[in-house]
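Quick note on labels: first sequence line is chain A, next is B, and so on, each numbered from 1.
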There are 2 protein chains.
Amino acid sequence: MTNSTEHPAPHNHSLCINTALTLAAQLCIERGVQLTAIRQQVLELIWADHHAVKAYDLLERIKPLQSSAKPATIYRALDFLREQGFIHRVESLNAFVGCTDLRSIHEQLLLICKQCENVEERHADSVMQALRQEFALAGFTAHHQAIEIHGICATCTQSNNTPPLN
Amino acid sequence: MTNSTEHPAPHNHSLCINTALTLAAQLCIERGVQLTAIRQQVLELIWADHHAVKAYDLLERIKPLQSSAKPATIYRALDFLREQGFIHRVESLNAFVGCTDLRSIHEQLLLICKQCENVEERHADSVMQALRQEFALAGFTAHHQAIEIHGICATCTQSNNTPPLN
DNA sequence: GTATGGTTCGTTACAATATAACATCTCAAT
DNA sequence: ATTGAGATGTTATATTGTAACGAACCATAC
Ligand SMILES: [Zn+2]
Ligand SMILES: [Zn+2]
Ligand SMILES: [Zn+2]
Ligand SMILES: [Zn+2]
């Protein structure tokens with residue numbers, strides 16, 4: 001199923017999901033940690049699209065599958081998925097998004113579209129390089145960073161400029 | 001009063017406060033907006049130091065001055081101060097910090113020390129330039145950005161390496 | 001003067017996000 | 001069988017943030 005009816009750049013999104021879930025499962029085995037049913041379901045729900053998802057939305061969506069689910073259920077799963085690097089927290093939205101590069105250790109920047117709500121993860125080596133120089137200048141030792149940009153994505157810009165022909 | 005007893009880089013902090021409050025008052029006049037007593041008090045409380053302050057902490061601190069203060073009181077003042085660019089919201093802390101460059105329009109990055117909790121605002125032109133190039137590559141139109149780095153500041157690194165001689 | 005209207009503030013209620021604490025379960029290793 | 005670590009169930013609560021509506025204030029216009 002391609003998501004050609006959705007606004008953001010169309011692609012075979014089931015491939016995204018399968019890739020992410022398969023790789024996550026594999027990494028859990030390698031690392032000797034458990035991708036339990038709850039954790040996998042939460043990861044799948046986050047991967048439903050490329051939007052950032054809120055914890056309580058996940059809670060509502062998982063209840064049909066896990067009727068006993070409570071806030072702690074979700075937050076524990078989110079903690080696990082974050083520790084494993086399978087998802088990122090979007091600080092400026094209090095929400096969570098699937099990581100699109102599970103294999104590499106990386107710092108990322110997030111391009112968040114206000115219109116279609118898609119979140120694009122980019123690695124932007126030149127930005128990260130400039131950041132490291134800035135840290136050196138400041139004598140700062142960085143442990144963790146959140147770089148979140150809100151605006152309008154390329155796809156929305158295009159479709160805004162070419163309105164539907166009625 | 002110099003804050004030489006505090007951990008972060010010592011400086012005459014009352015100068016920081018006075019500069020910020022004076023300039024803010026002046027800018028409000030220029031802009032035809034009102035720096036009311038509540039707004040000024042909140043700004044002063046935020047400027048108590050270079051830490052990020054939480055809204056409900058501000059609420060507790062302002063109650064002696066404004067006994068009727070409620071959450072909305074604080075959030076309204078914070079909204080105003082943000083609109084005027086007098087403070088920044090630290091997304092990854094749900095907290096607020098005084099802006100150290102009221103005159104210029106700028107994007108900033110925040111270096112947040114986990115140890116002393118100081119927040120240093122930097123403008124980092126090379127980073128911002130690299131970011132703009134990344135946006136161009138991605139076809140992304142940026143409206144607002146949050147760049148927040150958590151780690152250990154220069155002052156703490158130094159004092160960690162030179163323990164007090166007992 | 002007083003009517004009008006915009007801004008600020010007081011107040012109540014509530015929504016949304018997140019964690020603490022403790023009990024229970026599971027399952028593998030001993 | 002016993003034990004211990006990890007995962008989950010459960011209840012309660014803490015923290016962060018908004019909605020909605022009315023009153024007060026103050027400047028301007030009539
Ligand atoms: Zn996809
Ligand atoms: Zn978009
Ligand atoms: Zn200072
Ligand atoms: Zn420090």
Side-chain angles (χ1 to χ4, degrees), chain A residues 24-25 27-43 45-46 51-84 86-97 117 146 148, chain B residues 24-25 27-43 45-46 51-84 86-97 117 146 148:
Chain A
L27 288 170
C28 283
I29 291 170
E30 290 177 13
R31 296 171 184 173
V33 296
Q34 306 174 44
L35 188 60
T36 62
I38 290 177
R39 290 166 177 175
Q40 168 149 357
Q41 285 160 4
V42 170
L43 185 55
L45 289 171
I46 289 176
H51 297 191
V53 197
K54 304 207 143 232
Y56 278 74
D57 288 344
L58 288 170
L59 180 55
E60 291 314 305
R61 292 182 204 170
I62 208 175
K63 273 182 178 165
L65 306 170
Q66 299 281 342
S67 57
S68 71
K70 303 267 183 317
T73 314
I74 298 296
Y75 282 104
R76 283 168 181 159
L78 291 171
D79 286 346
F80 172 84
L81 296 171
R82 282 210 282 165
E83 282 162 11
Q84 299 302 320
F86 300 161
I87 63 173
H88 300 300
R89 179 181 161 85
V90 186
E91 303 288 353
S92 53
L93 294 175
N94 294 335
F96 303 85
V97 70
E117 299 191 281
E148 303 176 3
Chain B
L27 287 170
C28 283
I29 292 169
E30 289 177 13
R31 295 170 185 174
V33 296
Q34 306 175 43
L35 187 61
T36 62
I38 290 177
R39 291 166 176 176
Q40 167 147 1
Q41 286 160 2
V42 170
L43 186 55
L45 290 172
I46 289 175
H51 297 190
V53 196
K54 304 206 144 236
Y56 278 73
D57 288 343
L58 288 171
L59 178 55
E60 290 314 304
R61 292 183 205 170
I62 209 175
K63 272 182 178 165
L65 305 171
Q66 299 281 343
S67 57
S68 70
K70 303 268 184 317
T73 315
I74 298 298
Y75 282 103
R76 283 168 181 160
L78 291 171
D79 286 346
F80 172 85
L81 296 171
R82 282 211 280 165
E83 282 163 11
Q84 298 302 321
F86 299 162
I87 63 174
H88 301 300
R89 179 182 161 84
V90 186
E91 303 288 352
S92 53
L93 294 175
N94 294 335
F96 304 85
V97 70
E117 298 190 282
E148 303 176 2

Between the protein and nucleotides 14-16 of chain D, are there any N/O to N/O pairs under 3.5 Å, and if so, what are the atom names and distances?
residue: D:dT16; atom: OP1; partner: B:Lys54; partner atom: NZ; Å: 2.4

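- Note that the CG atom of A:Leu45 and the CZ atom of A:Phe96 stand 13.5 Å from one another [nearest 0.5 Å].
- The shortest distance between side-chain heavy atoms of B:Arg89 and B:Val97 does not fall below 4.5 Å.
- Here the P atom of nucleotide C:dT7 and the CG atom of B:Leu35 are 17 Å apart, to the nearest Å.
- Between the CG atom of A:Leu58 and the C1' atom of C:dA16 there is a distance of 14 Å, given to the nearest Å.
- The C1' atoms of five pairs define one axis at each end of the helix from C:dG1-D:dC30 to C:dT30-D:dA1, and these two axes lie 10° apart (to 10°).
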Please list, pair by pair, any protein nitrogen or oxygen found under 3.5 Å from a nitrogen or oxygen in nucleotides 5-9 of chain D.
residue: D:dG6; atom: O3'; partner: A:Gln34; partner atom: NE2; Å: 3.4
residue: D:dA7; atom: OP1; partner: A:Arg39; partner atom: NH1; Å: 3.1
residue: D:dA7; atom: O5'; partner: A:Arg39; partner atom: NH2; Å: 3.3
residue: D:dT8; atom: OP1; partner: A:Thr36; partner atom: OG1; Å: 2.7
residue: D:dG9; atom: OP1; partner: A:Ser68; partner atom: OG; Å: 2.9
residue: D:dG9; atom: N7; partner: A:Arg76; partner atom: NH1; Å: 2.9
residue: D:dG9; atom: O6; partner: A:Arg76; partner atom: NH2; Å: 2.4

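- To the nearest angstrom, C1' of C:dC9 lies 17 Å from CD of B:Gln40.
- The side chain to side chain contact (heavy atoms under 4.5 Å, CB included) search around B:Leu27 returns B:Leu23, B:Glu30, B:Arg31, B:Phe86, B:Leu102, B:Arg103, not counting sequence neighbours.
- Contacts of A:Glu117 classified as side-chain hydrogen bond (donor to acceptor under 3.5 Å, both in side chains), with partners at least two apart in sequence or in another chain: none.
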For residues 57-72 of chain A, tabulate all N or O donor-acceptor pairs below 3.5 Å that involve a side-chain atom, not counting sequence neighbours.
residue: A:Glu60; atom: OE2; partner: A:Lys63; partner atom: NZ; Å: 3.4
residue: A:Gln66; atom: NE2; partner: A:Gln41; partner atom: OE1; Å: 3.1
residue: A:Lys70; atom: NZ; partner: A:Ser68; partner atom: O; Å: 3.2

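- The distance from atom CG of A:Asp79 to atom CD1 of A:Ile74, rounded to the nearest 0.5 Å, is 11.5 Å.
- Rounded to an integer number of Å, the gap from CD1 of A:Ile74 to P of C:dA16 is 16 Å.
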